[in-house]
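Right, one structure below, let's go through it.
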Amino acid sequence: MSDNEQKSGLAKAYDFKDVERKWYDSWQENNLFSAKMEEGKDNFAIVIPPPNVTGVLHVGHALNNTLQDILARYHRMKGDNTLWLPGTDHAGIATQNVVERQLATENESRHTLGREKFIERVWQWKEEKGSTIINQLKHLGSSCDWQRERFTMDKGLSKAVRAVFVRLFNEGLIYKGDYIVNWCPRCHTALADDEVEHEDTAGALYHIRYPYADGSGQVIVATTRPETMLGDTAVAVHPDDERYQGLSEIGIKLPLSERTIPVVLDHHVQREFGTGALKVTPAHDRDDYEIGLRHELAVLKVMDDSGTMNEAAGDYQGLDRFECRKRIVADLKEQGYLEKIEEYDHAVGHCYRCKTVTEPTTSLQWFVSVKPLAAKAVDAVRDGRINIHPKSWNNTFYAWMDNIRDWCISRQIWWGHQIPAWTCEKCGELIVSEKDPDSCPKCGSGELVQETDVLDTWFSSALWPFSTLGWPDETKEMAHFYPTSVLITSFDILFFWVARMMMMGLHFQDEVPFKDVYLHALVRDKHGKKMSKSTGNVLDPLVLIEKFGTDALRFTLTAFAAQGRDIRLSEERIEGYRHFINKIWNAARFSLMHLEDFFTGEKPPPIDHGKLALPHAWILSRLNQATIDSHRALNDFRYNDYASTLYQFIWHELCDWYLEWIKADLYGDDDEAKETARLVLLTVLEESLLLLHPIAPFITEEIWQALPGERDSIMISPFPEARDQWQNSEAETSAQLVMEIIGGIRNIRSEMQIHPKAEVEAFIISSDAAANERIMAQAQSIKTLTRLKSLEIESSGQVPKGAASYILADKEIFVPLAGLIDVEQEMAKLKKARQKLEKQEKQTSGKLKNEKFLANAPADVVAKEQEKLAEFKGKLEKIAETMARLGDL
RNA sequence: GGGCGGUUAGCUCAGCUGGGAGAGCAUCGGCCUUACAAGCCGAGGGUCACAGGUUCGAUCCCUGUACCGCCCACCA
């Protein structure tokens, strides 16, 4: 171990593994995540998008929770009553599938077990495995109030579900009916419209001859699903279609069947498509169902719940629907009914859970009338009570809400909230009630049978922002935290979830569920492809954390979280930000070497900003700017701006300039200068850590605790506020000048290949007396930072021949290099610079000669252009002088 | 068929209300200078997709075109 390591007490490279575990445990032990509800303070609440209880953390979760944690930590540090409420979703179909698979390995099934035992089994699974994702969220550093963790099936939430269901039913907004729904033949349940994913599929369009019932002719219908013809109960044509006038009196003899079906006239039929005749299968097609309703057609189901042809399919009974399709086509062909087969691409619906092709079919289901609820949600977004970020989603949101159809909420599975409705076996009365009824209120019979269906999972998650706060009871939590502040989620559940929370919140609380919705992007692989297990391009956040550390992963995700754009993630990119985390670590090590014995008891007095030397005044001014920018970025959900502000400030201003600049004081003999440097250094380091904490919680705490003095957790230390007295434009101007000079000298050294250790002389020629004074005040710093033997400034005069030069607007820097100058090379460099400047000069002077520009442009823009012109002219002059001198050589 | 987003340095992307094109990575040159080689210093590199328009002025606003991506949709 070197001296430095001993002195700072920190290892040379940041070892995140122990650090992360240590501090996370400490935060939990000290209850720092738990929400306070103090009066007179602002409230800030986020409810987590509850991950599926079956879930395993993926990068999307990592992004989602990092963004939430940043806001939670920010507001907690600001002193707000801050609640970040965690929990999981019971995920009906997904969870049931998991447990069923498990049962299958034991040669059991839910049917052999029976409903009650099966549900017990799922609960058992939940107790054993259900906290996986919660534990993974902890690795991310999530500062959720874990004591308030909820589950969409727990007692309180079940109570809320029933309360909502009953009220909606009593209001006539929930109804039961036999309608066409999307059916998954594998999951054996109905699905909501948005649970069906449409995929373009290469299929075929079959043209089939349907003979007239009187044998006088035929009509050709086209279909992508010939097997459904077994359920045809009509052929539809457009009422104005001249080709089929009078056909409605004749009827059609359905091929492969003994049935005769009517021809109906319906405006839905597109005359241009195919032959303008449409076979109508009300039981297996949504449009046909609608047509059927209009013409009171029979609804003939030809498949059962598993997609197998039923007795109505006659000879085809027992065949799987796809097998049946082949048979039907073969039979049609054989019997001369098949006109032709065309290749045809069309969208086919798939179950979003198991990817099975869904079957539209009629079924007795429960629905929510969403139109009145949706209207309220649209209003809330329109009048700004809810703000969606980025705004570009507004139109999509409106479009979807305007076209919304009733929501099928019943599912024929077992895992979920069983619908609180009972039928009286005796009199048939339907009873909907929050509490399990003992007897029929109509006939008094005790023979009541509860609905076997459960509710769509999204029904309970739609209540999440208030059910988790204790509603329907009147709780302190509701009073403080409803409406919640922000909802942060991925755009792909905007409709599944966000829109429904708006509807339910507005309807039941008469108040929005959240004021802002931040929709973040999808995390893709480095080629822009969606991550998926089958492609094998999945990045596992836990592996990334193991490899690069949580803070590095969080910083990366934040830095790339620009609004409205997907994130392409790769290990290389995280590695880059790990370097940044390590940079902070080393800056802290350096600082601690000088701060370790700075003070032990009382903190030193605050900085006297009235008489600070340039580097101190400058860094405080820059820090103040970074603070202002951080607040602004966080309040505007501009996460990437927040990350880059800190990256830029800490690395390029604090480390590259300030630390180098004050080394002379820190290592020097001037005690007063040394004390000031230590004090400002400590201040800047502290504030930087505080600014950085929400994004990189672990390293900031580790360093914070190593700083001198007794300290509370950085988590509960105040987030920096802007300090006007630190703003110092004079210092910024001076510092910029000094940096320009240093840059110029370094440029010469590098271009001239002067060895870094070689000490050289430099001259500056400048007629600007004020500037010269500023430069001379920093002469020592400039010399140290550029390894100069001497630095001289002259207002005019001769410079030794054979000096390398660097041109500034009204100054010229020379480093004499007798005999070492490559004249041609220097000339070429100058010519190139001149060329560029001439172009800029021309452009700017052109503008300034333009009367319209002078008349229309704001004064400050004109002034700036004038400054620019002066600068260009000055540089050109200096270049001319230098070239002339070089020419003399 | 509608809607949305993208096109800026070799790569990945910033660029908020129009006013001298930026970052990270990569590349090239020089440095193990006692915080950091996971680093430091310096350099090169762009017709801001294309075509019009508005404007004193356009990477930015408008219109159109071309590619790329996503979402929604009941033409069988």
Side-chain angles (χ1 to χ4, degrees), chain A residues 2-5 8 10 12-14 194 198 205 221-225 236 268-270 272-274 277-281 285-290 344 346-347 360 390 392-393 395-396 399-400 403 491-492 494-495 522 524 526 528 530 559-560 562-570 572-573 575-594 632-633 636 638 640-641 644 647-648 652 655-656 659-660 663 667 743 746-751 753-757 786-787 840 843-844 847 850-858 860-862 864-865 868 871-872:
Chain A
S2 75
D3 288 353
N4 291 329
E5 281 172 58
S8 69
L10 297 181
K12 194 168 176 180
Y14 174 52
D194 52 14
H198 293 274
L205 192 59
V221 300
T223 179
T224 54
R225 305 196 51 207
H268 167 81
V269 179
Q270 309 283 313
E272 312 76 45
F273 190 93
L278 170 67
K279 66 187 267 310
V280 183
T281 324
D285 185 280
R286 186 181 292 276
D287 291 339
D288 294 4
Y289 181 79
E290 302 284 331
Y344 192 71
H346 62 124
S392 52
W393 280 99
N395 283 338
T396 313
W400 193 79
N403 296 317
F491 62 80
D492 52 356
L494 176 59
F495 305 127
L522 237 49
R524 300 173 177 279
K526 64 174 155 185
K530 217 170 173 168
F560 287 114
Q563 287 193 8
R565 197 153 174 158
D566 287 345
I567 297 174
R568 296 191 186 191
L569 192 70
S570 66
E572 295 91 306
R573 321 190 74 178
E575 203 175 349
Y577 285 104
R578 181 184 58 171
H579 294 175
F580 175 62
I581 298 295
N582 198 52
K583 184 76 179 174
I584 297 164
W585 183 254
N586 278 295
R589 278 180 64 227
F590 170 77
S591 306
L592 284 165
M593 280 167 49
H594 298 280
R632 188 172 157 196
D636 293 348
R638 302 184 65 88
N640 57 321
D641 283 356
S644 71
Y647 188 98
Q648 202 62 28
H652 298 304
C655 292
D656 286 352
L659 295 185
E660 296 303 325
K663 274 179 181 173
Y667 287 114
R746 284 174 174 169
N747 178 281
I748 293 172
R749 295 191 63 123
S750 184
E751 295 279 316
Q753 312 225 349
I754 299 168
H755 192 276
K757 279 183 178 162
T786 54
R787 289 245 186 186
Q840 289 175 312
Q843 201 183 350
T844 310
K847 256 188 203 178
N850 183 339
E851 279 173 36
K852 284 183 182 170
F853 171 73
L854 295 173
N856 291 315
D860 60 315
V861 172
V862 176
K864 204 178 162 197
E865 289 297 314
K868 270 157 62 179
E871 181 191 326
F872 298 148

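The shown structure was predicted, so the numbers you read here are calculated from the model rather than taken from an experiment. Below, chains carry the letters A, B, ... as their sequence lines are ordered, and counting in each starts from 1.
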Could you tell me the separation between the [atom1] atom of [X] and the [atom2] atom of [N], rounded to a whole number of Å?
{"X": "A/Arg573", "N": "B/C25", "atom1": "CZ", "atom2": "C1'", "answer": "9 Å"}
{"X": "A/Phe491", "N": "B/G5", "atom1": "CZ", "atom2": "P", "answer": "13 Å"}
{"X": "A/Arg568", "N": "B/C68", "atom1": "CZ", "atom2": "P", "answer": "14 Å"}
{"X": "A/Glu851", "N": "B/U55", "atom1": "CD", "atom2": "C1'", "answer": "17 Å"}
{"X": "A/Leu494", "N": "B/C71", "atom1": "CG", "atom2": "C1'", "answer": "11 Å"}
{"X": "A/Asp641", "N": "B/G15", "atom1": "CG", "atom2": "P", "answer": "7 Å"}
{"X": "A/Phe560", "N": "B/A14", "atom1": "CZ", "atom2": "P", "answer": "9 Å"}
{"X": "A/Phe495", "N": "B/G3", "atom1": "CZ", "atom2": "P", "answer": "15 Å"}

Which nucleotide, if any, forms a Watson-Crick or G-U wobble pair with [N], using both distances under 3.5 Å?
{"N": "B/C50", "answer": "B/G64"}
{"N": "B/C25", "answer": "B/G10"}
{"N": "B/G44", "answer": "none"}
{"N": "B/U55", "answer": "none"}
{"N": "B/G39", "answer": "B/C31"}

Under 4.0 Å between any heavy atoms, over every strand shown, what does [X] touch: base, sugar-phosphate, or nothing? Just pick one.
{"X": "A/Glu575", "value": "nothing"}
{"X": "A/Arg638", "value": "sugar-phosphate"}
{"X": "A/Ala399", "value": "nothing"}
{"X": "A/Tyr667", "value": "sugar-phosphate"}
{"X": "A/Asp656", "value": "sugar-phosphate"}
{"X": "A/Lys279", "value": "nothing"}
{"X": "A/Gln270", "value": "base"}
{"X": "A/Arg632", "value": "base"}
{"X": "A/Asn856", "value": "base"}

So A/Trp400 and A/Phe495, would you call those rings parallel, tilted or perpendicular, with 30° and 60° as cut-offs?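 Answer is parallel, since the angle falls under 30°.
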To the nearest 0.5 Å, what is the distance between OH (A/Tyr647) and CG (A/Asn640)?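 Rounded to the nearest 0.5 Å, the OH-CG separation comes out at 14.5 Å.
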Determine yes or no for a side-chain-to-main-chain donor-acceptor pair under 3.5 angstrom, with A/Arg286 supplying the side chain and A/Pro360 the backbone.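 Absent.
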Check whether A/Ser750 reaches the backbone of A/Arg746 with its side chain - one donor and one acceptor, N or O, closer than 3.5 Å.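 No, the answer is negative, given that no donor and acceptor are paired below the 3.5 Å cut-off.
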Considering only side-chain heavy atoms of [X], which listed nucleotide, [options], is closest?
{"X": "A/Glu865", "options": "B/A76, B/G19, B/A35", "value": "B/G19"}
{"X": "A/Ser750", "options": "B/C40, B/G42, B/U12", "value": "B/G42"}
{"X": "A/Val269", "options": "B/A76, B/G42, B/A35", "value": "B/A76"}
{"X": "A/Asn586", "options": "B/A76, B/A14, B/C36", "value": "B/C36"}
{"X": "A/Phe853", "options": "B/A76, B/G3, B/G19", "value": "B/G19"}
{"X": "A/Asp287", "options": "B/C74, B/C75, B/G19", "value": "B/C74"}
{"X": "A/Thr396", "options": "B/G19, B/A76, B/G3", "value": "B/G3"}
{"X": "A/Thr223", "options": "B/C56, B/U12, B/A76", "value": "B/A76"}
{"X": "A/Ala857", "options": "B/C56, B/A76, B/A38", "value": "B/C56"}
{"X": "A/Asn582", "options": "B/A38, B/U12, B/A76", "value": "B/A38"}

Closer to the 5' end of RNA chain B via nearest nucleotide, is it A/Ser392 or A/Phe580?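 The residue mapped nearer the 5' terminus is A/Ser392.
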If you pin A/Lys864 and A/Glu660 to their nearest nucleotides in RNA chain B, which one's is more 5'?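 Nearest nucleotide further toward 5': that of A/Lys864.
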Please find the pair of heavy atoms, one from A/Asp288 and one from A/Lys279, that lie closest to each other, and give the distance.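 Residues A/Asp288 and A/Lys279, closest heavy atoms: OD2-O, 3.3 Å.
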If we only count heavy atoms from C-beta on, is the [X] to [Y] side-chain gap below 4.5 Å?
{"X": "A/Arg573", "Y": "A/Arg568", "value": "yes"}
{"X": "A/Phe590", "Y": "A/Lys663", "value": "yes"}
{"X": "A/Arg225", "Y": "A/Asp285", "value": "no"}

